[in-house]
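This report concerns only the one structure given below.
Numbering of ligands and ligand atoms starts at 1, following listing order. Positions are given from 1, in the same order as the sequence printed here. Not measured: the values here are computed from a predicted model. The figures here come from the full heavy-atom set of this structure, side chains too, leaving out hydrogens, waters and symmetry mates.
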Amino acid sequence: MAYAVTHVIVAIVLIDLYRDYIAKKKFSTWFVLIGGIAGLLPDIDVPLQWISSSAIGQAVTLHRIVTHSLVFVVLFLLVALVFHLQKHKNLSIFSRKISYGNIALFFTVIAAGWLTHIALDCGVAGDYSLTWFPGIPLGFCFHPFSGDALLGLDAVILVLWLIHEEWARKIKDFI
Ligand SMILES: [Zn+2]
């Protein structure tokens with residue numbers, strides 16, 4: 001299992017690099033943060049496993065069964081597509097207008113963060129089904145890297161990203 005910090009950092013760095021070099025900063029850094037948080041969300045099944053085990057009084061296995069499925073990535077992308085197809089409309093919440101385009105982006109970065117989580121876990125966590133869905137136990141994960149490969153990965157990525165940020169944006173100016 002990759003570390004929680006690794007999941008967040010990898011998702012943030014990848015989405016931020018996409019924002020900088022492919023989208024050319026056409027969306028707010030808030031979406032980068034949302035994607036980073038989404039990079040951790042599949043592990044919500046860990047506290048759910050603790051809670052249900054203690055509530056039932058026997059060990060319940062939930063981790064990497066439902067939330068670690070590519071089904072969620074596909075569902076978030078489908079929701080994003082529905083909003084993207086009507087991107088010129090707006091949603092009014094508390095007298096604020098939120099464009100459907102931004103809602104589509106919201107679900108897209110969640111799908112991206114979710115996917116980085118599954119990819120990281122898939123690389124080190126052992127065999128589990130990537131396509132949980134009732135009746136479709138296909139797509140088993142393989143794990144080419146040992147868990148030790150992730151020791152310090154978050155530190156390496158963070159240092160490389162800080163060097164990139166210093167080179168690209170002169171972060172010293174903000175200190
Ligand atoms: Zn996980």
Name of the Asp121 N, O or S atom nearest the Zn ion (ligand 1)? OD2
So which of the N, O or S atoms of Asp43 lies nearest the Zn ion (ligand 1)? OD1
Going by the side chain to side chain contact (heavy atoms under 4.5 Å, CB included) test, name the single residue among Asp43, Leu62, Thr67 that passes it with Leu48. Leu62
Aromatic rings Phe83 and Tyr100: how do their planes relate, parallel, tilted or perpendicular, breaks at 30° and 60°? perpendicular
For His7 and His117, take the angle between the two ring planes, folded into 0 to 90°, and tell me which bin it lands in: parallel under 30, tilted 30 to 60, perpendicular over 60. parallel
Strictly under 2.8 Å, is the Zn ion (ligand 1) approached by any N, O or S atom of [X]?
| X | value |
| --- | --- |
| His68 | yes |
| His63 | no |
| Asp45 | no |

Pairing of Asp121 and Arg64 as salt bridge, 4.0 angstrom limit: yes
Pair His84 + Phe106: ring centers closer than 6.0 Å: no
